[in-house]
Amino acid sequence: MMQQPQPGVAAPPPQAVPGAPPHWGGVPPPMPAQHQYAPPPTQQQAPPPPQMWGHQAPPPTHQAAYGQAPPPPHQAAYGQAPPPPQAGYYGAPPAPAPVAPAPVGPSEVRTLWIGDLQYWMDEGYIYGCFAATGEVQSVKLIRDKHTGQLQGYGFVEFVTRAAAERVLQTYNGTMMPNVELPFRLNWATAGEKRDDSPDYTIFVGDLAADVTDYVLQETFRVHYPSVKGAKVVTDKLTMRTKGYGFVKFGDPNEQARAMTEMNGMLCSSRPMRIGPAANKKATGVQEKGEE
DNA sequence: GTTGAGCGA
C-alpha cells in the first residue's frame with residue numbers, strides 16, 4: 001500500500017542542479033513566515049501503511065503549494081501495492097537500520113528526529129509523508145539562523161507516543177515519497193544516549209557506481225552474520241556515490257576477519273579495497289594508548 | 001571522488 005501523492009506535498013525540483021555551488025546559491029528557499037507546520041485538527045482514522053515502496057514513483061506534480069495546511073486525509077488510496085522494486089540482488093528482505101528503543105523516563109516523548117533530508121524537503125513535504133497517519137501534531141525543520149537554509153533534519157511531533165513509535169517502526173528505513181532515499185528516523189532527544197552498543201566498522205573503497213547500501217551490506221552479511229549494516233557514502237546534493245562506504249559488524253572477530261578475507265573480493269563488479277574505519281564515535285577499535 | 005554521520009529554543 002502506498003499513499004497517493006497529494007496536492008500540498010512539495011515535489012522534487014525538475015533537476016538537482018548538478019553543478020550547483022555547495023550553498024545552493026541559486027535556489028533561495030520560500031521562507032515562510034513561520035517554520036512551525038501544524039495540520040488542521042483531524043481524527044486519526046487512516047491507518048498507516050504497513051510499508052512504503054515509493055522507490056520508483058515518478059514525480060507527480062510540479063506545483064508546490066505548501067503555504068497552507070493540506071487537507072485532512074479523509075481518503076487514502078490503498079489497495080494496489082506494487083511489488084518491491086529492489087531486492088533483486090540477494091533475495092533477502094532489506095533490513096532497516098536498527099532503531100534504538102524508546103527512551104526511558106518520561107513517557108511524554110512524542111517527537112521523532114528525522115534526518116538525511118534534502119534541501120527541497122520542506123515542512124509540507126515532511127508532513128505529507130506522514131499525513132496518512134492522521135496523527136502528526138507538528139513538523140519543524142531546522143534552518144540556518146542567518147541564511148534560512150534547511151539544515152537537513154528536523155522534528156516531527158505526533159499526537160501520542162504510540163503514534164510516534166508506530167511511525168518509527170513502520171517508516172524508518174523505507175523509501176521516502178518521490179525519491180530514492182530511505183527515511184532516517186529516531187526518537188528525538190536521544191542525542192546523548194543513542195549509541196550504547198558498540199559496533200565495529202571497516203572502510204570499503206573502490207566501490208562501483210551501482211553499489212548501494214543494501215548490496216554492500218549483503219556482500220558481507222552472507223559471510224559474516226554479525227553484519228549490522230552498511231553505508232555507501234553519497235554526495236548530499238547530487239546523490240551520486242563517492243565510491244566508498246562502511247560496513248558495521250557486531251562481532252570484532254568478524255570485523256578483523258573481513259578486513260583480510262574480503263579485501264580484493266568482488267562487490268558487484270569491482271574488487272573492494274578494505275581498510276580500517278576512522279571512527280569518529282569511538283566505537284569498537286579504540287586508538288591505542290588512550291584510556 | 002577513497003574515512004559518513006545525527007538533535008531545536
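Below, all heavy atoms of this structure are taken into account, side chains as well, without hydrogens, waters or symmetry copies. Predicted, not measured: the structure shown is a model, and the values here were computed from it. Per chain, numbering begins at 1; letters A, B, ... match sequence-line order.
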_Spacing between A/M239 atom CE and B/dG1 atom C1', to the nearest angstrom_ = 16 Å
*Which one, B/dG4, B/dA9, B/dG1, comes nearest to the side chain of A/R240?*
B/dG1
*Check whether any side-chain nitrogen or oxygen of A/K248 sits under 4.0 Å from OP1 or OP2 of B/dG4, and answer yes or no.*
no
_Gap between atoms CZ and P, on A/R184 and B/dG6 respectively (whole Å)_ = 7 Å
_A/L168 side chain near A/W187 side chain, heavy-atom distance below 4.5 Å_ = yes
*Atom CG of A/L117 and atom SG of A/C129: how far apart are they, to the nearest 0.5 Å?*
8.5 Å
_Rounded to whole Å, how long is the line connecting atom CZ of A/R143 with atom P of B/dA9?_
12 Å
*Checking all strands, does A/Y153 fall into the base, sugar-phosphate, or nothing category for heavy-atom contacts under 4.0 angstrom?*
sugar-phosphate
*Note, A/M272 side chain near A/F220 side chain (heavy atom, < 4.5 Å)*: yes
*Please report, rounded to the nearest Å, how far the P atom of B/dA5 is from the CG atom of A/L181.*
14 Å
*Under 4.0 Å between any heavy atoms, over every strand shown, what does A/K145 touch: base, sugar-phosphate, or nothing? Just pick one.*
sugar-phosphate
*A/A188 side chain: which of B/dC7, B/dG4, B/dG1 is closest?*
B/dC7
*Separation of atom CD1 in A/I114 from atom C1' in B/dG8, rounded to whole Å*: 15 Å
_For atom CD1 of A/I142 and atom P of B/dA9, their distance in whole Å_ = 6 Å
*Whole Å only: how far is the NZ atom of A/K231 from the C1' atom of B/dG6?*
11 Å
*Does the side-chain ring of A/Y244 sit on the six-membered ring of the B/dG1 base, less than 5.5 Å centre to centre and under 30° in tilt?*
no
*With sequence neighbours excluded, what pairs up with A/S226 under the side chain to side chain donor-acceptor pair (under 3.5 Å) test?*
A/E254
_What is the separation between atom CG on A/L185 and atom C1' on B/dA5, rounded to the nearest whole Å?_
15 Å
*Measure from the side-chain heavy atoms of A/N186 and tell me the nearest of B/dG4, B/dC7, B/dG1.*
B/dC7
*Does A/R257 reach the side chain of A/M262, with side-chain heavy atoms less than 4.5 Å apart?*
no
_Base, sugar-phosphate or nothing for A/D116? Non-hydrogen atoms, less than 4.0 Å._
sugar-phosphate
*Using a 4.0 Å heavy-atom cut-off across all strands, classify A/T241 as base, sugar-phosphate, or nothing.*
base
